[in-house]
Amino acid sequence: MRDRISGSKALMRALQAEGVKTIFGYPGGSIMPTYDSLFDYTRGEKKCFDHILVRHEQAAVHAAEGYARVSGEVGVALVTSGPGATNTMTGVADAMLDSTPIVVIAGQVAIGSLGTDAFQEVDLVGLAQPISKWSYQIRHAEDVAWAVSRAFYIARSGRPGPVVLDFPRNAQVEEIDWEPKKVDFVRSYVAYPKLNTDAVREAAELINNAKCPLALVGQGVELGNAQEELKAFLEKADIPAGRTMLGLSALPSDHPLNVGMLGMHGNYAVNLKEQQCDVLVAIGMRFSDRVTGNTKTYAKQAKIIHLDIDKSEIDKNIKTDVAVVADCKESLPAITALLRQNDHHEWRESFRELDEMERERVIEPAIHPQEGPLLMGEVVNAVAEQAPRGAVLVTDVGQNQLFATRYFKYPLKRSICTSGGLGTMGYGMPAAIGATFATDRTICCFMGDGGFQMCIEELGTIMEQQAPVKMILLNNNYLGNVRQWQDMFWLKRKSFTKMMNPDYSFIARGYGIAYEAVTDRKNLAAAVGRMFDTKGPYILECAILEEDNVLPMTPPGMNVDDMMLEI
């Protein structure tokens with residue numbers, strides 16, 4: 001007897017075959033046949049999915065991103081056509097820039113209506129193509145199994161990223177004989193480049209002969225699950241390592257070779273030492289402008305070794321002396337095998353004086369102030385000190401992100417979830433929701449008052465799901481990062497950065513979420529303790545000094561060693 005099913009039911013089976021457990025979505029007219037099929041797969045004996053109803057389609061994608069970043073699996077978002085689909089595009093672009101594996105499935109009008117300006121019709125494939133790894137329209141039900149398998153293969157393989165599937169209504173309702181498909185090869189798509197042994201030998205030789213080597217560790221190590229391979233490499237060569245913002249948990253915070261965070265608001269010593277090292281080894285990072293500063297003067301004294309799975313990143317921003325194009329889980333041990341056991345004690349010790357300078361002039365005043373209003377750094381530090389081991393940091397974008405990433409602790413892998421490349425305000429809360437479905441670890445989500453209000457509707461999702469997100473609202477009544485730049489570079493002309501904020505206690509009460517406000521530092525530690533002792537979601541609002549600034553800072557366009565410890 002033939003197994004004849006609709007295209008929408010074929011989608012359910014295809015997702016099941018890919019191991020999908022959680023779907024973040026929002027229904028609508030053009031995706032209704034699929035949601036009708038989904039009904040049976042989310043309850044009863046047939047249940048294999050949890051569907052999380054978000055309150056905005058952009059949040060569905062950010063939640064899928066949070067799920068993917070923490071779990072290491074592909075996140076899935078399901079939405080309708082027209083505005084439902086276009087609302088996902090910010091999340092798709094965010095996932096593309098941060099190499100996050102997600103699959104977005106959007107409804108579409110029937111193919112017979114395409115091009116007629118039908119209700120809620122939009123060229124989704126055309127919109128998504130420049131900002132996704134692959135976008136495709138499933139025009140007939142018989143293509144569902146193949147398209148879904150191909151989408152997941154592309155999303156998760158090689159350098160991960162987002163895939164968008166456009167699912168016209170006719171393909172959802174057509175009936176077909178079900179036949180599963182498995183795609184593990186795409187012509188012209190080389191997911192895992194062949195390791196060049198000559199490049200490996202050249203890299204090893206440079207590292208063996210280096211007097212002052214420095215490693216720059218990016219998210220590629222996390223994406224390649226190469227955390228142990230990284231440690232073996234660093235420890236054998238005795239190389240100090242800085243981490244990019246997205247790579248912060250690729251190496252534990254307390255590892256002796258960890259020398260801090262790279263970038264515009266990173267740590268002082270590692271940024272200055274980029275201009276003094278003789279061999280610089282970039283591992284799974286893309287030399288973002290926020291890391292390099294002025295590329296014309298960046299690390300000109302050093303031989304550059306770049307390990308990356310994506311050939312297009314080689315020489316894109318910084319000229320490379322040796323390029324090892326491969327998965328770092330393969331390239332790191334290959335290089336390590338050729339390394340001599342080394343000792344760079346004197347070089348590593350040279351970081352200490354600069355570290356102490358930063359600690360005395362920036363860190364201690366930020367986390368242990370003696371008077372005045374609360375500071376963001378001290379709130380982050382107070383949360384980090386009491387957070388359960390292995391807590392995951394999720395941030396929104398702005399000063400909250402920069403303070404949180406600097407002062408949180410990362411003992412375990414996959415412990416940070418933030419919007420790096422696109423810098424998407426409103427990312428934090430939905431990404432934190434997604435993260436709660438990916439792990440049992442505590443989720444700490446730091447947000448500013450601006451980003452909080454960009455995604456405030458997702459408190460409804462948290463309420464419905466009782467998602468145990470610990471939300472720390474750093475409220476300074478400003479769009480803080482823009483305000484800091486206006487003060488520093490725009491003659492203190494604060495053009496439309498002052499915020500009039502609501503009474504968040506009433507909002508929390510309306511959503512039935514536990515809430516506490518802190519205005520005095522003597523109450524901070526106890527309030528943080530109550531937050532962690534409370535089961536379920538929690539909002540801890542902290543009244544922050546309005547003029548609190550993130551330091552150190554390399555001014556935009558300046559040399560990386562022009563980093564400022566004070567304004």
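The minimum heavy-atom distance linking V109 with P168 is given by the pair O-CB, 3.3 Å. Contact between A366 and Y407 at its shortest, heavy atoms only, is CB-OH, 3.7 Å. In terms of heavy-atom proximity, A68 sits nearest to T100 at CB-CG2, 3.9 Å. The two residues Q172 and M32 come nearest to each other via the heavy atoms OE1-N, 4.4 Å.
When the ring-ring contact (aromatic ring centres under 6.0 Å, His included) test is applied to H51, the partners found at least two apart in sequence or on another chain are Y35. E121 meets the side chain to side chain donor-acceptor pair (under 3.5 Å) test with no other residue; sequence neighbours excluded. A search for side-chain contact (heavy atoms from CB on, under 4.5 Å) contacts involving S71 returns Y67, E73, A438, not counting sequence neighbours. Contacts of F489 classified as ring-ring contact (aromatic ring centres under 6.0 Å, His included), with partners at least two apart in sequence or in another chain: W485. Every residue two or more places apart in sequence or in another chain that forms a side-chain contact (heavy atoms from CB on, under 4.5 Å) with N501 is listed here: D449, Q453, N475, N477, M499, Y504. The side chain to side chain donor-acceptor pair (under 3.5 Å) test applied to R156 returns E18, not counting sequence neighbours. Looking at residues two or more places apart in sequence or on another chain, you find no side chain to side chain donor-acceptor pair (under 3.5 Å) involving S132. Not counting sequence neighbours, the partners of T395 by the side chain to side chain donor-acceptor pair (under 3.5 Å) test are T418. For D289, there are no salt bridge (Lys or Arg N to Asp or Glu O under 4.0 Å) partners at least two apart in sequence or on another chain.
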Between side-chain atoms of residues 78-86 and protein atoms elsewhere (two or more places apart, or another chain), which donor-acceptor pairs fall under 3.5 Å?
from: T80; atom 1: OG1; to: S30; atom 2: N; distance (Å): 3.2
from: S81; atom 1: OG; to: S30; atom 2: OG; distance (Å): 3.0
from: S81; atom 1: OG; to: Q120; atom 2: O; distance (Å): 3.0
from: T86; atom 1: OG1; to: G82; atom 2: O; distance (Å): 3.4
from: T86; atom 1: OG1; to: P83; atom 2: O; distance (Å): 3.2

For residues 19-26, which side-chain donor-acceptor pairs fall under 3.5 Å, sequence neighbours excluded?
none

Distance-only criterion, 3.5 Å: show the donor-acceptor pairs between side-chain atoms of residues 59-66 and protein atoms not counting sequence neighbours.
from: H62; atom 1: ND1; to: E65; atom 2: OE1; distance (Å): 2.8
from: H62; atom 1: NE2; to: Q58; atom 2: NE2; distance (Å): 3.0
from: E65; atom 1: OE2; to: A95; atom 2: N; distance (Å): 3.3

Any chance you could lay out the salt bridge (Lys or Arg N to Asp or Glu O under 4.0 Å) test for E313 and R286, step after step, and finish with the verdict?
-> CA-CA 6 Å; E313 291 296 341; R286 58 188 178 87; 5.6 Å; no
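Rounding to the nearest 0.5 Å places CE of M425 at 9.5 Å from CG of N481. Remark: D327 CG to L307 CG distance equals 10.5 Å, nearest 0.5 Å. Rounded to the nearest 0.5 angstrom, I416 CD1 and L248 CG are separated by 4.5 Å.
Ionic pairing of D308 and R159 is not present here: no N-O contact between side-chain nitrogen and carboxylate oxygen is shorter than 4.0 angstrom. Note on E222 versus R243: no salt bridge recorded, every NZ/NE/NH1/NH2 to OD/OE distance being 4.0 Å or above.
A donor-acceptor pair under 3.5 Å is formed between the side chain of D123 and the backbone N or O of G126. A donor-acceptor contact shorter than 3.5 Å is absent between the side chain of R55 and the backbone of E458. Under the 3.5 Å distance criterion, the side-chain polar atoms of T405 are matched with a main-chain donor or acceptor of L402. Proximity of a side-chain donor or acceptor of R290 to a complementary backbone N or O of G263 within less than 3.5 Å is not detected. In this structure, D98 contributes its side chain and G421 its backbone to a donor-acceptor pair below 3.5 Å.
In summary, of the residues considered (Q399, R483, E546), a side chain to side chain donor-acceptor pair (under 3.5 Å) with N476 occurs for Q399 alone.
Taking the six-membered ring for Trp and the full ring otherwise, W134 and Y153 have centroids separated by 6.0 Å or more.
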